[in-house]
Amino acid sequence: MHWLFGDQLGPHFLTPGDGDGPGRDTPLLMIEARSVFRRRRFHRAKAHLILSAMRHRAAELGDRLTYVRADTYRAGLEKAAGGRPVTVHHPTSFAAAGLVRALPQVSVGPARGFLVPMEDFSSWADGHGGKSLRQEDFYRWVRRDHDLLMDGDQPAGGRWNHDHDNRERPPRGSATLPVGRPYRPREDAIDDEVRRDLDRWEKDGDVSFVGRDGPRRFPATRAEARAALKRFLTHRLNAFGPFEDAMLAADPVMSHSLLSTSLNLGLLDPAECVERAEEEWRAGRAPINSVEGFVRQIAGWREYVWQLYWYFGDEYRHSNVLRHTTPLPGWWNDLDADAVHARCLRTVLAQVRDTGWTHHIPRLMVLGGYALQRGWDPAELTDWFHRSFVDGYDWVMVPNVIGMSQYADGGRMTTKPYTSGGAYINRMSDLCGACAYKPGDRTGEHACPYTTGYWTFVDRHRDRLASNHRTSRAVQQIDRLGDLADVRRKEHTRGDTPP
Ligand code: FAD
């Protein structure tokens, strides 16, 4: 028997590969373990999406697959396979990998759904001293190694990195970006059945969810995921690059691909996404900055995050060099956007509450930045992101939150902490215009919480930031502020009330 986890749903988990995949007629097993949903208070749309995708896959595979509903994975395995031998592809979390390794009847094959084998990354990282690893170096290595967007040994389009062209402010005077609409799936009877089950579990008091659910916004089948990729490539990839970092209140998606759930459920293979994006450039249908930007996200960032999760080891999740221990407040845990006055945070938190998704910059600069400034516990925040986002899985959340967003690893993943005052949010969005706070004010009635938060963060960590050439200027600036005592007082009086 071959066991498919709920994030191993695409055809590339069933091909023979180098002899490490299941045979053509090998019976398949999928286990829907209720305990997974009991462990955390997940966003309901996430629970719905995962169960819908698993049950759709089970329906497609028909009699070849045994679909077991059980309390735990162990109980499900016992029920379906007894003591018979079972194969599985490397799961995507330390917890699941530990579980399958501890089961004597299970043999674990290499991971699928990523471009670079883990051993190759380890060799690369060890070759770089294991310490000063940089995404840019890794990304260039992947491009060369996979002949991705290359002309011979040179980067296609003449440059490795088009970030410079991809940081435009949102277009003025327009509430939305003029691009084709993203793909939206249609629900079916399987979706209805999942929703009824979730209602029942909640009613029985067995599980508890957060956020709003329905209609389903993300693909649950391979066919839907392929349609979403096609729509992105033909109608939206063109505009992906320039406005990658911009935010618009009325247009949360802008030109982002919305493909993370499909990639993370294993419905899409990253290779097909980047190769097809390259084809669009080669055919003259998409500009290099958009195509390179998209390839960088998948072959660079996504791959890098996956590799670091394993390379840094299970202890990495406990990193907390800034010694941040403040618990997350209730309004944040409950996604209570209506309690918030700061327009940027209110808007983004409402996006998470209503859809379980917001794009990269709101995650990093609005949500992560707010938490970092307040000194919230990074492990608790990782758990919050994991629970609240439709595309959240342990492997992707741990490096993104601990490393990229909270700098809890002291710079193993990024060169500096990512946080800013209101000025950055104002420059990159239309979120500040109608806000009760003023991005330029750090004290007084209209002081922007991001601006006071930024300066108090720099103040608290001035020694560490002074010794980093990318942040030392902020420390010099703070020493010139005449009203630092007032800024501290302002931040102190806010406490953990919603800003
Ligand atoms: P696009 O902007 O269209 O990018 C294309 C693809 O690139 C994404 O679908 C994704 O697969 C990949 N990608 C880009 N950046 C990253 C990254 N840093 N890590 C992993 N993949 C990346 N991504 C997740 O898939 N799951 C998460 O749980 C997650 N949590 C995050 C938490 C924080 C604090 C931050 C800062 C980022 C997080 N990301 C996560 C990365 C990124 O924000 C999302 O992948 C992206 O917003 C998903 O939307 P999209 O598919 O439209 O992405």
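Treat the numbers as computed from the prediction; the structure is a model and nothing was measured. As the structure lists them, so they are numbered: ligands from 1, and atoms in each ligand from 1. The figures here come from the full heavy-atom set of this structure, side chains too, leaving out hydrogens, waters and symmetry mates.
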Go through ligand 1 atom by atom and flag the ones less than 4.0 Å from a non-hydrogen atom of [X].
| X | value |
| --- | --- |
| Leu258 | 50 (P), 51 (O), 52 (O) |
| Gly392 | 28 (O) |
| Leu259 | 9 (O), 51 (O) |
| Ser405 | 34 (C) |
| His359 | 47 (O) |
| Asn264 | 24 (C), 25 (O), 26 (N) |

Based purely on interatomic distance, does [X] place a nitrogen or oxygen under 3.5 Å from a nitrogen or oxygen of ligand 1?
| X | result |
| --- | --- |
| Phe385 | no |
| Ser257 | yes |
| Val305 | no |
| Asn400 | yes |

task: Measure the distances from the heavy atoms of Trp357 to every atom of ligand 1 and state whether one is below 4.0 angstrom.
output: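 The answer is yes: ligand 1 sits under 4.0 Å from a heavy atom of Trp357.
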- request: Compute the minimum heavy-atom distance from Phe240 to ligand 1 and say whether it is under 4.0 Å.
  value: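 Phe240 counts as a contact of ligand 1 under the 4.0 Å cut-off.
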- prompt: Please, which pairs that meet ring-ring contact (aromatic ring centres under 6.0 Å, His included) have at least one residue in residues 265-284, sequence neighbours excluded?
  reply: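 Not a single pair qualifies under ring-ring contact (aromatic ring centres under 6.0 Å, His included).
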query: Taking everything shown except His318 itself, do over 12 heavy atoms lie less than 6.0 Å from its NE2?
result: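 Yes, enclosed.
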task: Tell me, yes or no, whether the heavy-atom count around Arg226 atom CZ, taken from other residues, nucleotides or ligands under 6.0 Å, exceeds 12.
output: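 Count not over threshold, so no.
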message: Tell me which one of Tyr304, Tyr316, Phe94, Phe121 satisfies ring-ring contact (aromatic ring centres under 6.0 Å, His included) with Trp310.
response: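 The ring-ring contact (aromatic ring centres under 6.0 Å, His included) with Trp310 is passed solely by Phe94 among Tyr304, Tyr316, Phe94, Phe121.
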- request: Report the relative orientation of the aromatic rings in Trp395 and Phe114; use parallel for angles under 30°, tilted for 30 to 60°, perpendicular for over 60°.
  value: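 Rings of Trp395 and Phe114: perpendicular, as their planes differ by over 60°.
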- request: Report the residues that fulfil ring-ring contact (aromatic ring centres under 6.0 Å, His included) with Tyr424, sequence neighbours left out, ordered by chain and then residue number.
  value: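 Checked Tyr424 against ring-ring contact (aromatic ring centres under 6.0 Å, His included); zero matches.
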task: Closest by any non-hydrogen atom to atom 46 (C) of ligand 1: pick that one out of Arg363, Arg236, Arg302.
output: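 Result: the heavy atom closest to atom 46 (C) of ligand 1 is in Arg363.
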message: Out of Gln297, Met397, His360, who is nearest to atom 13 (N) of ligand 1 when you count heavy atoms only?
response: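 Nearest option to atom 13 (N) of ligand 1, by heavy atoms: Gln297.
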message: Checking side-chain polar atoms at under 3.5 Å, does Ser260 have a donor or acceptor matched by the opposite partner on Asp391?
response: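 Yes, a side-chain donor-acceptor pair sits under 3.5 Å.
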message: Against the six-membered ring of Phe312, is Arg412 placed for a cation-pi contact (under 6.0 Å from the centre, within 45° of the normal)?
response: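 Ring-cation test returns yes.
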Protein residue, atom and distance nearest to atom 9 (O) of ligand 1, heavy-atom basis: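 Scanning the protein heavy atoms, the shortest distance from atom 9 (O) of ligand 1 goes to Ser260 N, 3.1 Å.
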- prompt: Taking Val291 as the fixed residue, which of Leu233, Asn238, Leu237 is the one that meets the side chain to side chain contact (heavy atoms under 4.5 Å, CB included) rule?
  reply: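 Filter result, single survivor: Leu237.
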